[in-house]
Amino acid sequence: MSFLARELLPTHGEVHTEMKMRSICWCAVLPLILTYSTALGATEVRFTPRELDAGYVLLRPELNSIELNGHEGTFKPAPALRFFGIEQQTFEIDFNPIIDLVDLEFYKLRAKVPAIRFSDGSLELRIPLHDQDRVLQSRLGAISIQGVTLIANLSWVTNNTGAQELALKSTRFEGAMSGSGILCNDFILKKTKKFLLYLLSRQVGQILKTPLVRESVANGLQAWARFTLGYQPHGVVPGSIHFESEGLRYEVE
């Protein structure tokens, strides 16, 4: 081998250094490539408040019926909601958590048309109640309500399989409540508000845990993605579903 050839060939140390530099470069670049590939494989889908309002009109929310009377509550969903797996509910009401009065009972407490909207981080279900002088009554007094709305906030949680599901996040009471006789006590009125929210939480939670309802939610996300993108995606990217004030946002691939 000529002197010139020996000068042009890399030494063993140079080869080792070059291989080491290539390894460092790959370690630095590979995460960027993987991130870029993931970004290319996922497509964002949005469902806005305008679309929520339009879809809710089609569900005919005015056909829902919610009533508490005596020691029993009934929820009769609109036909469109039954299609999505929400069945009629009849449930017993135990007043012991409020006050130990044998003759305490609801008197035809009815809900107005429910409403839903997006808020920051949740989907807000609002159930306004009709004003009434004696929604709860006994021989020792009565409770009245004015401008009352029961509110349930729904959010996405991740189950043990890694899939996201709708779940009840929180509840709150808006409006005025007053009482007469023994039921005018502030402690009893606070307990009554909490009891109404307890009934709301129990029934909403029961609906959300229904397998057919969960399946309908998952299918709805897939169907909307196909409708907006024009093709059938493989599935929703785990952990990508979020509620925002601007609507529902998720990714599919």
Side-chain angles (χ1 to χ4, degrees), residues 45-93 106-119 122-132 135 145 147-157 164-175 195-228 236 241 243 245 247-248 250:
V45 179
R46 287 184 175 272
F47 189 77
T48 69
R50 178 180 179 181
E51 290 151 351
L52 176 67
D53 292 342
Y56 197 54
V57 169
L58 295 177
L59 292 179
R60 301 291 302 278
E62 71 278 4
L63 298 181
N64 289 295
S65 173
I66 303 173
E67 181 175 327
L68 305 179
N69 193 39
H71 293 80
E72 186 177 86
T74 58
F75 168 51
K76 298 178 181 178
L81 291 183
R82 292 202 297 271
F83 173 80
F84 290 108
I86 300 178
E87 299 293 340
Q88 178 173 324
Q89 297 182 30
T90 301
F91 50 94
E92 296 297 321
I93 300 172
F106 279 106
Y107 180 69
K108 296 181 179 180
L109 172 59
R110 295 188 179 94
K112 298 179 183 178
V113 178
I116 55 175
R117 66 167 186 159
F118 292 119
S119 62
S122 66
L123 179 67
E124 191 175 89
L125 169 63
R126 302 178 64 88
I127 304 179
L129 306 178
H130 286 283
D131 292 349
Q132 195 169 327
V135 294
I145 57 172
V148 167
T149 298
L150 304 180
I151 302 166
N153 288 294
L154 312 181
S155 63
W156 297 97
V157 297
Q164 288 179 276
E165 297 176 344
L166 268 181
L168 182 65
K169 178 182 178 182
S170 63
T171 59
R172 71 179 188 272
F173 180 101
E174 290 184 353
F195 185 71
L196 287 173
L197 294 178
Y198 160 74
L199 293 176
L200 175 66
S201 300
R202 187 178 69 179
Q203 300 314 123
V204 170
Q206 183 175 329
I207 290 172
L208 294 178
K209 290 178 182 178
T210 304
L212 186 54
V213 171
R214 290 182 174 179
E215 183 181 346
S216 295
V217 171
N219 291 340
L221 294 174
Q222 286 275 63
W224 181 251
R226 182 178 182 181
F227 180 79
T228 55
V236 176
I241 315 174
F243 285 129
S245 56
L248 170 67
Y250 59 102

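Quick caveat, the model's predicted, so the values are computed rather than measured.
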Checklist line | CZ-OG1 distance between F84 and T210, expressed to the nearest 0.5 angstrom | finding: 14.5 Å
Margin query: Against V204, only a single residue in L166, L168, I127, L199 fulfils side-chain contact (heavy atoms from CB on, under 4.5 Å); can you say which?
Written below: L168
Notebook entry, point to check: Between R172 and L150, is there a donor-acceptor pair closer than 3.5 Å when you use the side chain of the first and the backbone of the second?
Noted result: no
Next item on the list: Check whether any side-chain heavy atom of I145 lies under 4.5 Å from a side-chain heavy atom of L109, and answer yes or no.
Entry: yes
Margin query: Please enumerate all residues that pass salt bridge (charged side-chain N to carboxylate O under 4.0 Å, His left out) together with R46, with sequence neighbours excluded.
Written below: E44, E244
Note to self: What's the separation between atom CG in L68 and atom OG1 in T74, rounded to the nearest 0.5 Å?
What the structure shows: 7.5 Å
Check: What residues form a side chain to side chain contact (heavy atoms under 4.5 Å, CB included) with F83, not counting sequence neighbours?
Finding: none
Checklist line | Stepwise side chain to side chain contact (heavy atoms under 4.5 Å, CB included) check, L52 with L123 | finding: CA-CA 11 Å; L52 176 67; L123 179 67; 4.2 Å; yes
Check: Mind checking what makes side chain to side chain donor-acceptor pair (under 3.5 Å) contact with S245, not counting sequence neighbours?
Finding: none
Notebook entry, point to check: How long is the gap from OG1 on T149 to CG on L129, to the nearest 0.5 Å?
Noted result: 7.0 Å
Check: Should we count CZ of F195 as having more than 12 external heavy atoms under 6.0 Å?
Finding: yes
Next item on the list: Can you run down the side chain to side chain donor-acceptor pair (under 3.5 Å) pairs that involve residues 75-92, sequence neighbours left out, and say none if there aren't any?
Entry: Q89-Q203
Next item on the list: Flag the pair V45 / F227 as yes when at least one side-chain heavy-atom distance between them is below 4.5 Å, and no otherwise.
Entry: no
Next item on the list: Would you check if I86 and F75 make a side-chain contact, meaning some heavy-atom pair closer than 4.5 Å?
Entry: yes
Item checked: Smallest separation among heavy atoms of P61 and Y56, with atom names -> CD-O, 3.1 Å
Notebook entry, point to check: For residues 108-119, which residue pairs qualify under side chain to side chain donor-acceptor pair (under 3.5 Å), counting only residues two or more places apart or in two chains?
Noted result: E67-R110, R117-E124, S119-S122
Notebook entry, point to check: Between G85 and V213, which heavy-atom pair has the shortest distance, and what is it?
Noted result: O-CG2, 3.6 Å
Checklist line | Spacing of I66 atom CD1 and H130 atom NE2 [to the nearest 0.5 Å] | finding: 10.5 Å
Next item on the list: Just say parallel, tilted or perpendicular for the rings of F243 and F118, cut-offs at 30° and 60°.
Entry: tilted
Next item on the list: Look at the side chain of E51 and the backbone N and O of T48, then say whether any donor-acceptor pair between them is shorter than 3.5 Å.
Entry: yes
Note to self: Is it the case that atom CZ in R202 sees more than 12 heavy atoms from other parts of the structure closer than 6.0 Å?
What the structure shows: yes
Checklist line | Minimum-distance pair of heavy atoms, taken over all atoms of L63 and P79 | finding: CD1-CD, 4.0 Å
Checklist line | L154 side, atom CG; K169 side, atom NZ - distance, nearest 0.5 Å | finding: 10.5 Å
Notebook entry, point to check: Considering all heavy atoms of both residues, which atom of I93 and which atom of G73 are nearest to each other, and what is their separation?
Noted result: CD1-N, 3.9 Å
Notebook entry, point to check: Which heavy atom in L200 sits nearest to a heavy atom in A152, and how many Å separate them?
Noted result: CD2-CB, 4.0 Å
Check: For I241, which residues count as a side chain to side chain contact (heavy atoms under 4.5 Å, CB included) partner, sequence neighbours excluded?
Finding: W156, Q164, L221, V236, L248, Y250
Item checked: V148 vs L196, side chain to side chain contact (heavy atoms under 4.5 Å, CB included): CA-CA, chis, key distance, verdict -> CA-CA 11 Å; V148 167; L196 287 173; 5.5 Å; no
Check: For T171 and S201, which heavy atoms make the closest approach, and how far apart are they?
Finding: CG2-OG, 3.3 Å
